[in-house]
Amino acid sequence: MKNDTLKQIIEQIKKYELTESFSDIEEFKKWAAKLNSAQINNFLSLDIDLEEIRELRHLLINSDLLSCQDYKQKVAAISTLKNGDGCWHLYNNICSPNFLRSKNFYKDIDMLSKADTARYGLWILGEDTFINSPYHDEDLKLLVETHDTREENPLDFVVSDAIATVAGNIDSIKSPYHQADMKLIATTGSDCLQMSHSYPEHSLNNLAVNKVSLADKYHLENMQILATNPIASEFLYIIMTDPNFVKGKNYRKEVEALANAKSKAKARALYYYIVNPRRKYMSDIDYFNDCEYDVHDVHISDRNSIAGSNDPDYINNLIKINKIDDKFVMYFVSLLMNPDFINSQYKKFDLELLHNVSDKSIFMDLYILMTDEDSLNSIHHKKDAVIISQTIVENVRKLLLEKATDELSLNSYNHDYDMEYILKLDVDSIDKNIYDEIYYYLFRQKGIDDPQRKEKLEKLLRGELVERSSSISSYLDAL
């Protein structure tokens, strides 16, 4: 390189304040050494005002841009971009070789200059997929002109992020759904969209690029469903993108049930019932954070749970779950996923009985009874359930529940007698000593085995204290 030429190059570098664009002297030497005559001529011919290109001046020495025959014209076009606050670093994408050669270069730059921010256009302008997309022009126009449809606190950046992501996705572009999906994303608004890399995925823009969904003949229908059901979107998305469910015989019924969910609680309950995820109830951090427990709530049984599809009544249950009160729905679902309950002869009766219970404390006691394997296998279960459901006094009902879930009692001839006996008790007014003896004869092994048990229980009911039998005393008396 001639000294005069080098001197002119240095003057241009100083004129456009480009010294800081080189990390050190060696980098400058390497850059200058690689310049060909066309690049040199382009750089030296540059006469744009520094203030017009100040934020983007580092692009002036980009080798790919310098190689363009229309270098000055491209620089002039780039200088019209004044909307790069917070994303000036992304402007390097403009110098992508393919974009510089693109027939859309000037048209795209002009369109991008009209956007509120150039950030999202710059994401994809340099990508071959977007450059070569048959939807290039309409997608860029959509990206630039679309605003969030939310009236309060609109989030334009979420909408722009979503449009840019789908516009540059090859799977969407190759599908027959691209234009319809883009239009829906643009008109639905941020409530049904997510930013890139958000988790868990549950939005329209994620479904629009999901390979399983794009291969599904119900893709467009699912997009509409997802757009109108934000409450259940997280769970709908899981079903719509899992090939095991998409190919399943109950797929549309499952989607329909979730789409009909009127609350987040019902939607989550249906999701548990359909999928049987490993983490549910208190192991599901989202459920744990959302639920509100009170003193009457009991632990939800998750023992050996199976997916609802194992139940012959699966389809009917999908409909019924949506009709259950939110405060009870998870308990119903856990029963419907309990193999012991599903296979129980009392299943239908128990479900009908629970449906007619509105008192939460009674419901919880019945739930405990209906998850107890001993009770489900007992001939007394049905009668016990009715008695417990009709007992308003809580401390009496707790004694009944304890008796109804006691294996020894359930196998005893005295079980019905004991249940009827407990019903006669006025627990709050019984002397403590009397109560302790009643409990001894009802629930302790020695008391249950006492040959005079019934007689003593009747005396205790009348308020008369009785003496406990001693096996040694009885032996000595007999001896």
Determine the minimum heavy-atom distance between S375 and Y346, stating which atoms define it. O-CE1, 4.5 Å
What pairs of residues pass the ring pair (Phe, Tyr, Trp, His ring centres under 6.0 Å) test when at least one of them lies in residues 306-327, not counting sequence neighbours? Y273-Y314
Note: E17 and R57 closest approach over all heavy atoms is O-NE, 3.1 Å
Indicate yes or no for a side-chain donor-acceptor contact from D148 to the backbone of G189 under 3.5 Å, with no hydrogens or angles considered. no
Y237 side chain to E201 side chain, donor-acceptor N/O pair below 3.5 angstrom: yes
A186 versus I163, closest heavy-atom pair with distance: CB-CD1, 4.3 Å
When you measure from the side chain of K82 to the backbone N and O of E52, does any donor-acceptor pair fall under 3.5 Å? yes
Ring centroid separation F99 to F130 under 6.0 Å: no
Ignoring hydrogens and geometry beyond distance, is a side-chain donor-acceptor pair present between Y251 and D216 at under 3.5 Å? yes
Within the distance-only criterion (no hydrogens, no angle test), does the side chain of S102 pair as donor or acceptor with the backbone N or O of N98 below 3.5 angstrom? no
With sequence neighbours left out, the residues meeting ring-ring contact (aromatic ring centres under 6.0 Å, His included) with F341 are none
Look up atom CG in L184 and atom CE in M223, then write down how far apart they are to the nearest 0.5 Å. 5.0 Å
Checking Q194 side chain against S203 main chain: does a donor-acceptor pair fall under 3.5 Å? yes
Look at the aromatic rings of F332 and F363 and report parallel, tilted or perpendicular, splitting at 30° and 60°. tilted
Answer yes or no on whether K382 is positioned over the face of F349, meaning its NZ or CZ is under 6.0 Å from the six-membered ring centre and within 45° of the axis. yes
Under a 3.5 Å cutoff, is there a donor and acceptor pairing between the side chains of D70 and Y106? yes
Would you find a donor on one side and an acceptor on the other, under 3.5 Å apart, between the side chain of R397 and the backbone of T391? yes
Polar side chain donor-acceptor pair, N210 to T241, under 3.5 angstrom: no
Can any side-chain N or O of N356 pair as donor or acceptor with the backbone N or O of L353 at less than 3.5 Å? no
Is a side-chain donor or acceptor of R54 paired with a backbone partner of E51 at a separation under 3.5 angstrom? no
Under a plain distance cut-off of 3.5 Å, with no hydrogens placed, do T165 and S196 share a side-chain donor-acceptor pair? yes
Is there a donor-acceptor contact under 3.5 Å from the side chain of T187 to the main chain of K183? yes
If you measure only the distance, is there a donor-acceptor pair under 3.5 Å linking the side chains of S361 and D359? yes
Side chains of S21 and H58 only: does a donor on one sit below 3.5 Å from an acceptor on the other? no
I25, CD1: over 12 other non-hydrogen atoms inside 6.0 angstrom: no
Using a strict threshold of under 4.0 Å (side-chain N to carboxylate O), is an ion pair present between D137 and K141? no
Might you point out which heavy atoms bring L270 and A261 nearest each other, and give the distance in Å? CD1-CB, 4.4 Å
Salt bridge (charged side-chain N to carboxylate O under 4.0 Å, His left out) against E373, all qualifying residues, sequence neighbours excluded: none
Fit a plane to each ring of W123 and Y120, take the angle between them on a 0 to 90° scale, and name the class: parallel (under 30°), tilted (30 to 60°) or perpendicular (over 60°). perpendicular
If only atom types and distance count, is the side chain of N42 paired as donor or acceptor with the main-chain N or O of C68 below 3.5 Å? yes
Tell me whether the count of non-hydrogen atoms from other residues, nucleotides or ligands lying under 6.0 Å of CD in E27 goes above 12. yes
Just by distance, no angles: are the side chains of R268 and S263 close enough, under 3.5 Å, to form a donor-acceptor pair? no
Cation-pi check, R119 onto F157 ring (under 6.0 Å, within 45° of axis): no
Give me the atom names and distance for the closest heavy-atom approach of I173 to A167. CD1-O, 3.3 Å
Flag for D350-H381: side-chain donor and acceptor within less than 3.5 Å: yes
Is there a donor-acceptor contact under 3.5 Å from the side chain of N322 to the main chain of A257? yes
Could you check whether atom NZ of K15 has more than 12 heavy atoms from other residues, nucleotides or ligands sitting under 6.0 Å from it? yes
Between D47 and K72 (salt bridge meaning N to carboxylate O under 4.0 Å), is one present in this structure? yes
